[in-house]
Structure formats: structure tokens, C-alpha cells
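One structure is given below, encoded as C-alpha cells.
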There are 2 protein chains.
Amino acid sequence: MQLIHHPMSAASRFVRLLVSEYDIEPDLYEERPWERRAEFMQINPAGTLPVLVDHTGAPIIGAYAIAEFVDETTGAMHRGHRLMPDNPIGRAEVRRLIDWFLVKAEADVTRGLVRERVFKLQMPAGNGGGAPDSAVLRAARANIRQHMRYVGWLSQARDWLAGDVLTSADLAGAATISVLDYLGEIDWTAEPAARDWYQRIKSRPAFRDILGDRVRGLPPASHYADLDF
Amino acid sequence: MQLIHHPMSAASRFVRLLVSEYDIEPDLYEERPWERRAEFMQINPAGTLPVLVDHTGAPIIGAYAIAEFVDETTGAMHRGHRLMPDNPIGRAEVRRLIDWFLVKAEADVTRGLVRERVFKLQMPAGNGGGAPDSAVLRAARANIRQHMRYVGWLSQARDWLAGDVLTSADLAGAATISVLDYLGEIDWTAEPAARDWYQRIKSRPAFRDILGDRVRGLPPASHYADLDF
């Protein structure tokens, strides 16, 4: 399988974590979504990441479709460590949280911060590149606090974000937070329960690749890859 | 079951169409999401619509979780007219399109137009109400043309948006377009194939309720409820 992704896309990281938990190792292809390459736009006219290409060459587009596809074709065979609960209400809670991180937190925080701080570094100056817009950064940073408070609340109330066991909801949350943590945007002193939860998930083998990600010209926060931060 | 919704929320209309196709008739409760009522925020801290409350009182939050819940608990029993294909690649295409309409078109078009033209009418003047922001309207309207072109292209290439048979993707598309059509924002002369498709889906019994929706102080476009428009 192939995964078309960007290392600083939270939805891409979510899918990398998900397939890695199931020991699937797709070949990774980095796409710069702002370039809107014709070949890529033909596969996914929305121009968004990630896209998984299955072994028959069929593209599965977007984290929502990919998460369900991986659960149906692989997770369902992993009784005991499936990343989706067996009961429909439990699954609804996992999906609510995936949506929370990959749609709501993405819109409130991640998309703007990544565009301003990462993509603009990689874009040509005449074509969207340049200095970050400080109003966008300010708004995103105010929202991070709210989102981290919610993650802290969930981590305190439950063993894992959606309940008693690790699920895809934890992967979606950790994917989002790992992007923000790379950028040094998370104040870990404010939410100790969230920190404990993130430390547990960060220590999983599936996380190793993500802790090795580097963006040229933008080194990660010094504690980014530390398991004991 | 109960459905907490707003008549001009595309995601709410999608779920109303979905349950109606399966002959489920939840009691409808209208929520004004901009009020961020404490009781509602406790059920759904994201403050978004819709929320389905199942017969045990468990809330299922957001169109993504609800669509999968309804498919798992009801659709799977409707062999022959299930609104999700049986094969994983087919389901991935339906989910891609649900995401296209309820996340992408929502962000590009629907959310802004509905806020400016509908919600601001219903909000108190001191609290967000007032005249629409013409810059938001202009941007949304430019995006409608792109989205309608894509619906036109899909309608020409396929019998239904995701393939040979009616699926949830058609309901998500029609839900979004019905909101815009109420507001008179769709130029039907530009995309005849999309018009044929919408006419077919609009004629289904499940659509009747939605064609009867009215917003106080904002009558629908004159052709809104016509099956032959």
C-alpha cells in the first residue's frame, strides 16, 4: 500500500499511527498540498491529505474514509486489540472524537498554525510564502488552551480518551498534539493528566516514526522526541 | 429516538433524510447552536449539530458518527436498499463524498452563507445579529459555482453521486444543496445534469419534510418545493 501524506498534517499522522498499530507499512509519499499538483488533484479533487492507495491501486481518500476502511479490512480481524469498540455506542464516541480532532481542532488550531509556521516556509516567496500572519497565530494559540483543557478533562475522567482501552480516538488526538508539540505550541505544565496520557501513547512503537519526522529549516521543540518530557 | 437539529443545518438535513429513508421517525428538537445553551453544550461540547439520542438515551454526536451508527444498527438489515455499498472501496467513495459535502462544502460555502443570511436574522442585534457581511457572501458564492460544477460532473459520469445506486452520498449532497436552494443561491441553468439528479432525489418521500421547512422572516426561493423546477 502507499500513503500520500505530509509530515506536518495531523490527519496524515493519524493514519500513519493507525496502520502502524496494525503492522501495516505503506510506502510513504510526501505531497505538498498547497502546490495543487495536477496528478494529485486528479486523485483527490479536494486537494487534501492523506490518501491511501490500496494493493489494487484504488485510492481511499481522507482520514475518515481511511480509518473506516482500515477498521473494516484489518481491525475487524484483530480481536482483542481492535482500535474500535465492538458496540455501536462505543464506536460513536470514538468517531465523535476523531471528528473533534481532525475537523474541529484542525479548523480552530492546527490548519492555521501549520500553514503559517510550516507551509509558508516551504512556499516560494511570490506564491503564498513569507512571514506568518500574527493574527492567525494569536487566534490559534488561544484555541489550543481550550482544546488542551478538554484533552486534560478526558484524560482525567477516563483511562484513554474514549474509554477504558486505546482506540483510534487516542491516535487522532495524539496525531494532532504531536504536530503542535513539534512546533513547541503545547504548554505541558498546564495539563498534567493530558501529559500522562500523551506520554503513554508517545511510548508506543507506532509513534517512533513520527518522533523522527523533521521539517527542513524548522527543528522541533527540544523535548519533542523525549519519551520522558 | 430524538434528533436535535436546525432546519438550515446541512448536516442535520442529511441525518433527517437518512433516517427517513429507513422509515425511522425521530422526534425533532430545534436547537439554535449560536446560543450555546448550557444543557446542549453538556451533551455536545463541540456545540455542533446534529445530535441523535437513541432509545436508551445515549447521544450520538455529529453527522459522521450518526451516519455510521444508523448504517450499523439499521442499514445493515436493509439488504437491497442499504444506503452504503457492500464493498469497502465503494464505502470509501461514499464516505469521501459525505466528507466533501459536510466538511469541505460546509467550510467553503454553507456555514458562512447560513450564518450571514439565516442565523444573523435570528440573533439579537447586540449579540451577533445584524446585516450579512458582504465579503463572506461574495466568497461563498464564488465557491458555490465550483461545487455545483463538481456535482454536475459526478451526475453526468454516474447514475448517482457515488455510483450506480442511491447512497448516503446523495443524501449528503442533496442536504447541502437543499439549504442553498432554499436561499435561492443555486443557478440551476448552469448544471443541467446536477438538476436532473436533484430532481430525482427531491421527489423521494424522504424529502417531503425538508421541502416543508420554513424559516420565520425568510421565505424560500419560489421554486424551492417544486418537484418540477
Side-chain angles (χ1 to χ4, degrees), chain A residues 11 41 43-48 51-76 84-108 111 146-147 149-151 153-154 162 169 172, chain B residues 11 41 43-48 51-76 84-108 111 146-147 149-151 153-154 162 169 172:
Chain A
M41 298 301 289
I43 298 173
N44 180 12
T48 51
V51 174
L52 183 71
V53 181
D54 88 344
H55 62 281
T56 69
I60 298 129
I61 290 164
Y64 160 34
I66 296 172
E68 298 293 332
F69 178 84
V70 169
D71 180 61
E72 289 169 349
T73 56
T74 303
M84 284 292 266
D86 283 330
N87 67 85
I89 294 290
R91 280 197 292 277
E93 178 64 357
V94 172
R95 289 169 178 140
R96 175 181 80 84
L97 289 170
I98 292 176
D99 212 46
W100 179 286
F101 291 111
L102 300 187
V103 178
K104 182 175 167 56
E106 179 75 16
D108 291 351
R111 186 182 303 132
Q146 306 293 329
H147 279 280
R149 207 166 296 156
Y150 190 55
V151 173
W153 181 84
L154 288 171
Chain B
M41 297 303 288
I43 299 173
N44 180 12
T48 50
V51 173
L52 184 71
V53 181
D54 88 344
H55 63 281
T56 69
I60 298 129
I61 292 164
Y64 160 34
I66 297 171
E68 298 293 332
F69 178 85
V70 170
D71 180 60
E72 289 170 348
T73 56
T74 304
M84 284 291 267
D86 283 329
N87 68 86
I89 294 290
R91 281 198 291 278
E93 177 64 356
V94 171
R95 289 170 177 138
R96 175 181 80 84
L97 290 170
I98 292 175
D99 212 47
W100 179 286
F101 289 111
L102 300 187
V103 178
K104 183 176 166 56
E106 180 73 17
D108 291 350
R111 185 181 303 132
Q146 305 293 331
H147 278 280
R149 206 166 297 154
Y150 189 54
V151 173
W153 181 85
L154 287 171

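Every chain is numbered from 1, with letters handed out A, B, ... down the list of sequences. In what follows, every heavy atom counts, from backbone to side chain, and hydrogens, waters and symmetry copies are set aside.
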If I take atom [atom1] from residue [X] and atom [atom2] from residue [Y], how far apart are they, to the nearest 0.5 angstrom?
{"X": "A:Arg96", "Y": "B:Thr48", "atom1": "CZ", "atom2": "OG1", "result": "9.5 Å"}
{"X": "A:Trp100", "Y": "B:Asn44", "atom1": "CH2", "atom2": "CG", "result": "7.5 Å"}
{"X": "A:Glu68", "Y": "B:Tyr64", "atom1": "CD", "atom2": "OH", "result": "4.0 Å"}
{"X": "A:Ile61", "Y": "B:Arg95", "atom1": "CD1", "atom2": "CZ", "result": "14.0 Å"}

Original post:
Between A:Ala46, A:Ala107, A:Pro59, A:Gly62, which has the largest tally of heavy atom pairs under 4.5 Å with chain B?
Top reply: A:Ala46

Original post:
For B:Pro45, is it the side chain, the backbone, both, or neither that has a heavy atom closer than 4.5 Å to a heavy atom of chain A?
Top reply: both

Subject >> Contact origin within A:Ile66 toward chain B - heavy atom pairs under 4.5 Å >> reply: neither

Subject >> chain B contact via A:Glu72 - which portion, at a heavy-atom distance below 4.5 Å >> reply: side chain

**OP:** Could you pull out the closest heavy-atom pair between A:Ala92 and B:Ala65, with the gap in Å?
**Re:** O-CB, 3.7 Å

